[in-house]
Amino acid sequence: MRVKDSTKNLDCFKATWRYFGDKGVYLVLINLLPSLMIPFAMSPSVSMYYLFDMKTLNITSIASLFEYMWSVSYSFWYIGLIGSVLLALSAAITFGVIDRHMRIGEFTVSPRRVKVRLNYNVLTAIRFVLVAAISLEFFNIVATLLYYLWATAFSSYVMTIVFSVLTLCVMEICMIYTMSWFILWPPFMLHTGLKSTAALKSAWSSMSGRLSRTAFSIIVIVIPLQAVMIITAACNLGIVCRTVLDAISYAIIIPYYITLMYNSFYDVTGTERMDIELKKKDIWAKK
């Protein structure tokens, strides 16, 4: 498999946005149901909301902090678990939809192809979902421990909030870089026939020189969503708005990430994109 050196430009980033702008609505709809359910068990933004709720919490109690970080909206925790299972299925379908489009130029979300896509992609999708969930929870735990450390180490509220904000920024950057490292892992498993560990090594090796640009591509989609969350928290709009925003974030970021995943894979391997080639032919045909 030929590896392409595209580390010195933003072509992959631009191609991802063009593709997501064209097909994003369909991809969001495929992943919409699990995206609406997962926030009941796992919030991607609770570490940020903590900064706005500090005054109402007993931040010097580690038990109180952990209870806040993992308090499940409306106690419907089982909805989030079901959503996580459904996400593995929807991600498997999304893998198949995007890959088929890029490989042969045919974009279809036909139910007739669901069984085939699940048979080929579901195990890889389960690994992908588990890694993403474990990574998110790991960084939430680290952030919680650091929040507790700052609350007990500083008597000044200002110093506590400053170090907590820095903690949030560092944890989010680490999370984004972690997911950037893993981004080529699923397609390498699916397309090279390598086992999980070997595919991970190849994926990491292929990310050399591309990591910062991939992280930038993710940050660009995360920042607007977090800006809305900050406004929501500052205006104290409540748990319902926070849960809805978490769901919207999942609904946008998950299909965007998978789109970036396949754009990066086709770009780094130098594989011809038939969806682009067919579009060029259609343009010339019209002329």
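Remember, predicted model here, so these are calculated numbers, not experimental data.
Shown here for V28 and A251, the closest heavy-atom pair between the two residues is CG2-O, 3.5 Å. Contact between I176 and A215 at its shortest, heavy atoms only, is CG2-O, 3.7 Å. Considering all non-hydrogen atoms of both residues, Q226 and M48 come closest at O-SD, 4.2 Å. Nearest heavy atoms, L211 versus S180: CD1-CB, 3.5 Å. Counting all heavy atoms, side chain and backbone alike, S212 lies closest to Y177 at OG-OH, 3.5 Å. Nearest approach of S206 to V268, heavy atoms of both residues: O-CG2, 3.6 Å.
Taken from CG in N263 to CH2 in W17, the straight-line distance is 12.5 Å, to the nearest 0.5 Å. Here the straight-line distance linking atom CG of L136 with atom CE of M175 works out to 5.0 Å at 0.5 Å rounding. Taking CG of L89 as the start and CG of N121 as the end, the distance is 11.5 Å to the nearest 0.5 Å. Note: L200 CG to S205 OG = 11.0 Å, rounded to the nearest 0.5 Å. Taking CG of D246 as the start and OG of S45 as the end, the distance is 3.5 Å to the nearest 0.5 Å. T167 contributes atom OG1, which lies 9.0 Å from atom CG of L51 (distance to the nearest 0.5 angstrom).
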ask   = Run the side chain to side chain contact (heavy atoms under 4.5 Å, CB included) check on M171 and S47 step by step: do they pass?
value = CA-CA 9 Å; M171 290 300 102; S47 295; over 6 Å; no

Test ring-ring contact (aromatic ring centres under 6.0 Å, His included) applied to F66 and Y148, step by step = CA-CA 10 Å; F66 270 96; Y148 173 72; 8.9 Å; no

request  = Apply the test side chain to side chain contact (heavy atoms under 4.5 Å, CB included) to residues D53 and T56: give CA-CA distance (whole Å), side-chain angles for both, the deciding distance (0.1 Å), then the verdict.
outcome  = CA-CA 6 Å; D53 295 339; T56 62; 4.1 Å; yes

key: Audit row: M102, M274, side chain to side chain contact (heavy atoms under 4.5 Å, CB included) steps and yes/no   = CA-CA 5 Å; M102 293 184 177; M274 290 308 299; over 6 Å; no

Evaluation steps, side chain to side chain contact (heavy atoms under 4.5 Å, CB included), between L184 and S264 = CA-CA 7 Å; L184 292 180; S264 299; 3.8 Å; yes

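Here the side chains of F107 and Y26 are in contact, with some heavy-atom distance below 4.5 Å. Residues S84 and M37 have side chains not in contact (no heavy-atom distance under 4.5 Å, counting atoms from C-beta outward). Counting heavy atoms from C-beta on, the side chains of Y250 and P34 never come closer than 4.5 Å. At a threshold of 4.5 Å between non-hydrogen side-chain atoms, the residues F13 and V220 count as touching. T259 places none of its side-chain heavy atoms less than 4.5 Å from the side chain of T94. At a threshold of 4.5 Å between non-hydrogen side-chain atoms, the residues Y256 and V222 do not count as touching. Here the side chains of N140 and E137 are in contact, with some heavy-atom distance below 4.5 Å. Side-chain contact between V46 and R242: absent, with no pair of heavy atoms (C-beta onward) separated by less than 4.5 Å.
In this pair, F265 and F188 present their aromatic rings perpendicular. The plane angle is above 60°, beyond the 30 to 60° band.
Counting non-hydrogen atoms of other residues, nucleotides and ligands closer than 6.0 Å to OH of Y157 gives a total above 12. More than 12 non-hydrogen atoms from other residues, nucleotides or ligands lie less than 6.0 angstrom from CH2 of W150.
In the hydrophobic clustering of ILVMFWY residues, with side-chain heavy atoms under 4.5 Å counting as a link, M69 and I141 come out together. Residues V25 and I258 fall into different hydrophobic clusters, defined by Ile, Leu, Val, Met, Phe, Trp and Tyr side chains chained together at heavy-atom separations under 4.5 Å. Residues V131 and V85 fall into different hydrophobic clusters, defined by Ile, Leu, Val, Met, Phe, Trp and Tyr side chains chained together at heavy-atom separations under 4.5 Å. Grouping the Ile, Leu, Val, Met, Phe, Trp and Tyr side chains by contacts below 4.5 angstrom, directly or via other members, places L32 apart from V109. Follow the hydrophobic side-chain contacts under 4.5 Å out from I173 and you reach I218 in the same cluster.
Although no hydrogens or angles enter the test, the distance criterion places no donor-acceptor pair under 3.5 Å between the side chain of S208 and the main chain of W204. With hydrogens and angles disregarded, a donor-acceptor distance shorter than 3.5 Å links the side chain of S90 to the backbone of L87. Not one N or O on the side chain of S43 forms a donor-acceptor pair closer than 3.5 Å with the backbone of P39.
Partners of Y257 under the ring-ring contact (aromatic ring centres under 6.0 Å, His included) rule, at least two apart in sequence or in another chain, are F128. Listed by chain and number, the residues in a ring-ring contact (aromatic ring centres under 6.0 Å, His included) with F139 amount to none (sequence neighbours excluded).
Between K23 and D275 no salt bridge is recorded (no basic side-chain N to carboxylate O distance below 4.0 Å).
Side-chain atoms of H101 and Y262 form no donor-acceptor pair, as typed in the model, at a separation below 3.5 Å. Y266 and D99 form a side-chain donor-acceptor contact under 3.5 Å, judged by distance and modelled atom types alone.
Applying the ring-ring contact (aromatic ring centres under 6.0 Å, His included) test to residues at least two apart or on different chains, the pairs with a partner in residues 41-62 are Y50-Y147.
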